[in-house]
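To start, the structure under review is shown below, and the notes come after it.
Proteins come first, then strands; the chains are lettered A, B, ... in the order of their sequence lines, and each starts at number 1. From a predicted model like this one, the values you see are computed outputs, not experimental measurements.
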Protein chains: 4
Amino acid sequence: MARPKSDDKRSAILAAAIRVIVKQGLGAPTATIAREAGIANGSLFTYFETKADLFNQLYLELKTGMAAAASDGLSHKATLRVQCARMWSNWTRWAAKHPDSRRALALLGVFGDLTAETRAAAHQAMVPMAVILERARSKGPLRNSPMNFAIAMMNSLAETTMDFMIQDPKHADEHSKVGFEALWRMLN
Amino acid sequence: MARPKSDDKRSAILAAAIRVIVKQGLGAPTATIAREAGIANGSLFTYFETKADLFNQLYLELKTGMAAAASDGLSHKATLRVQCARMWSNWTRWAAKHPDSRRALALLGVFGDLTAETRAAAHQAMVPMAVILERARSKGPLRNSPMNFAIAMMNSLAETTMDFMIQDPKHADEHSKVGFEALWRMLN
Amino acid sequence: MARPKSDDKRSAILAAAIRVIVKQGLGAPTATIAREAGIANGSLFTYFETKADLFNQLYLELKTGMAAAASDGLSHKATLRVQCARMWSNWTRWAAKHPDSRRALALLGVFGDLTAETRAAAHQAMVPMAVILERARSKGPLRNSPMNFAIAMMNSLAETTMDFMIQDPKHADEHSKVGFEALWRMLN
Amino acid sequence: MARPKSDDKRSAILAAAIRVIVKQGLGAPTATIAREAGIANGSLFTYFETKADLFNQLYLELKTGMAAAASDGLSHKATLRVQCARMWSNWTRWAAKHPDSRRALALLGVFGDLTAETRAAAHQAMVPMAVILERARSKGPLRNSPMNFAIAMMNSLAETTMDFMIQDPKHADEHSKVGFEALWRMLN
DNA sequence: CATGAATGAGCGTTCATTCAT
DNA sequence: GATGAATGAACGCTCATTCAT
């Protein structure tokens with residue numbers, strides 16, 4: 001095979017897309033993304049069939065990466081609270097470390113052409129996190145609400161926390177902790 | 001004369017914009033909004049200098065309306081909890097009653113060309129709500145966090161609650177109550 | 001109505017399309033046609049929804065014009081031969097006078113996106129000519145062949161004749177006459 | 001070495017081009033032709049310098065093949081009418097047998113970038129057929145018209161006949177005969 | 001002031017051709 | 001020579017905005 005489709009280039013496009021989306025929003029021209037990735041505008045379409053395809057894949061990759069980061073090193077032997085705390089810490093730390101990814105992910109979340117498949121897959125990636133949360137919810141005051149309600153609440157609290165961590169990086173850890181305690185109060 | 005021209009038409013455009021944004025997103029053509037408002041495409045620009053201007057004004061109007069609804073009938077004599085509950089109830093009820101406005105507001109919130117002025121004014125509109133929340137925060141576990149953190153958390157919890165109320169209107173009241181209790185736990 | 005859609009402009013676009021198609025073929029950019037018509041590239045699309053639409057309308061207009069020219073001044077009292085001769089003369093003269101239209105028509109005939117409706121309408125325009133030919137066919141050696149066969153043969157003979165008339169304008173009349181006699185022999 | 005590289009591959013490309021042109025028209029991507037030929041898109045350009053080159057060569061090859069088929073088995077001892085009839089029969093039979101080739105040839109005939117050389121060579125290929133026709137023409141009513149006129153007329157009659165033969169294969173032979181008689185009447 | 005045609009920059013995508021492997 | 005990724009000019013069409021009526 002001559003000049004195989006390089007994974008590096010694919011990654012470069014995705015990385016460029018993050019940067020460009022953060023700067024210009026979802027309306028950013030594919031040509032700009034291509035230039036930022038250091039390739040010709042047409043080349044983008046060897047790696048992604050359409051702009052929507054690119055955005056779907058990017059969304060999924062970011063979401064998956066985020067979920068993986070959040071789930072890292074969870075010891076199943078630990079207390080539920082410890083597990084939750086670890087997950088929360090992982091999660092918010094990831095956001096603080098990758099503010100562009102986080103922002104792009106937020107924007108992509110409202111991208112009109114996200115596929116049902118993409119959404120489903122993104123949901124799948126969150127399952128491990130959901131499982132842990134679920135154990136906490138089912139014993140507390142939210143026990144009669146739908147599981148998705150609790151997940152969504154955790155999500156929204158996390159988003160808010162992340163915003164503050166990114167805005168005010170000096171107190172990032174503090175914000176993260178405060179956020180977690182708020183979550184825990186909500187759950188218990 | 002602060003606002004010459006027909007105020008009716010202005011309102012028609014704003015109302016049309018809500019409907020169109022909900023259906024098509026922020027990328028919706030101004031021509032579509034104009035048609036929906038029953039006016040000629042060019043006329044839209046008699047009332048709003050640019051598309052961005054229209055969106056800024058709409059955002060502000062919606063936010064202000066929402067805040068006004070939330071602050072309605074708050075008795076300063078009542079308990080803090082009662083006041084908060086009333087505000088929460090007003091707020092989420094407004095969203096349940098105006099799902100399009102709520103959705104449009106959410107979309108406009110990520111509109112890239114929102115002015116600093118617009119954001120500031122929107123923030124202002126929320127002050128009365130913030131004041132009440134502030135009293136609760138300052139006595140509880142969030143007492144050492146910035147006020148905006150608490151506001152943002154309340155906001156995100158409210159957003160989530162509203163989503164579920166709109167999604168599942170039969171249990172709207174229930175969701176609203178559960179959401180409030182979660183908030184209250186978070187605050188105390 | 002402000003600045004009503006001018007028929008002049010529509011005609012200018014059609015006329016420009018003829019010229020450009022002759023020079024560049026069906027692949028000619030719409031922008032070139034617009035420039036040739038003296039309007040902005042985007043304006044073309046106020047008059048024709050798509051390039052295909054433009055080409056369909058142009059095809060129909062040319063075909064209709066051609067058929068009308070061919071059918072001009074036919075006396076129903078005259079001999080069949082005289083009528084046929086008149087039609088043939090009208091027809092080929094039209095082509096000789098409007099070589100660009102004729103060429104564009106030929107190219108448009110193989111345009112891949114001609115609508116069934118367009119083809120049907122074009123067919124309709126040819127009916128008056130077909131009627132006359134039909135009377136000749138049904139009495140001669142082609143009486144057992146499908147009517148369309150005779151029409152197609154007349155067509156192809158006419159096309160050939162026109163080519164020669166345009167190529168060699170000095171003997172246009174002579175070519176036309178020779179062509180007609182050939183047709184007549186074929187029919188009788 | 002006039003033609004290095006694999007002759008098989010060259011033929012495969014030409015054959016593929018016929019199929020693709022019939023299905024998609026002259027605008028068909030070279031990449032599609034290459035895929036249909038079972039080679040890589042870039043390889044096409046090892047065999048043909050440009051798309052136009054490919055189309056020119058294909059046109060010539062088809063025309064030559066057609067002319068060869070038409071001229072097959074002509075006995076110079078036979079009557080002029082018999083020779084013409086044989087040629088006509090060969091010719092139209094070829095079309096009926098190779099409808100794709102015939103259709104591609106027709107499309108290529110209006111390809112804008114056919115070279116003068118190609119046209120000349122194609123003309124050359126028709127000479128043997130022209131010679132026979134010429135003998136008929138020079139004695140009949142077309143004796144005062146240019147030879148090319150007669151050739152073109154025969155051509156156009158043949159095209160029409162072929163169309164009907166392909167459209168209505170059950171009566172192909174009949175159409176062929178009727179077409180020939182029409183030609184013969186025209187010539188005499 | 002209302003209208004809607006006119007404008008033209010801009011976008012996503014295609015594709016003939018080139019060239020690194 | 002074969003491959004297929006890379007290139008970038010080009011195209012059809014959209015749409016915010018302007019302006020003649």
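The shortest distance between the side-chain N/O atoms of A/Y47 and the OP1/OP2 oxygens of F/dA6 is below 4.0 Å. Between B/K9 and E/dA2 there is a side-chain N or O to OP1 or OP2 distance below 4.0 Å. Residue C/T46 places at least one side-chain N or O closer than 4.0 Å to OP1 or OP2 of E/dA6.
Atom CZ in A/R35 sits about 12 Å away from atom P in F/dG8, given to the nearest Å. Nucleotide E/dG12 holds its P atom 14 Å from the CD1 atom of A/I13, rounded to whole Å. As a whole-Å value, the separation of D/D8 CG from F/dA2 C1' is 15 Å. Remark: C1' of E/dA6 and NZ of C/K5 are 12 Å apart, rounded to the nearest angstrom. At whole-Å resolution of the value, CG in B/L26 and P in F/dA16 are 12 Å apart. Rounded to an integer number of Å, the gap from B/L54 CG to F/dC15 C1' is 15 Å. Taking atom CZ of D/R10 as the reference point, atom C1' of F/dA2 lies 18 Å away to the nearest angstrom. The nearest whole Å value for the distance from the CG atom in B/N56 to the C1' atom in F/dA16 is 16 Å.
Not a single donor-acceptor pair under 3.5 Å links the side chain of D/Y47 to the backbone N or O of D/L54. Panel note: side chain A/K51, backbone A/A28; a donor-acceptor pair is recorded below 3.5 Å.
Here D/I166 pairs with D/P99, D/R102 under the side-chain contact (heavy atoms from CB on, under 4.5 Å) rule; sequence neighbours left out. Applying the side-chain contact (heavy atoms from CB on, under 4.5 Å) criterion to A/A106, with sequence neighbours excluded, gives no partner residue.
Each side-chain hydrogen bond (donor to acceptor under 3.5 Å, both in side chains) pair with one or both residues in residues 109-118 of chain A, not counting sequence neighbours, appears once here: A/N56-A/T115, A/N56-A/T118. Each side-chain hydrogen bond (donor to acceptor under 3.5 Å, both in side chains) pair with one or both residues in residues 18-34 of chain A, not counting sequence neighbours, appears once here: A/R19-A/E36.
In plain terms, the two heavy atoms of C/A37 and C/A12 that are nearest each other are CB-O, 3.8 Å. Contact detail for B/L105 and B/L62: the closest heavy-atom pair is CD1-CB, 3.8 Å.
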Treating primed atoms plus P, OP1 and OP2 as sugar-phosphate and everything else as base, which nucleotides of nucleotides 15-20 of chain E get B, S or - for protein heavy atoms under 4.0 Å? SSBBBB
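Heavy-atom contacts from other residues, nucleotides or ligands closer than 6.0 Å to CZ of C/R10 number more than 12.
Between A/S6 and D/L44, it is D/L44 whose nearest contact on DNA chain F lies nearer the 5' terminus.
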A correct dot-bracket answer for DNA chain E, with pairs being Watson-Crick or G-U at under 3.5 Å, [ ] for crossing pairs and | for inter-strand pairs, is .||||||||||||||||||||
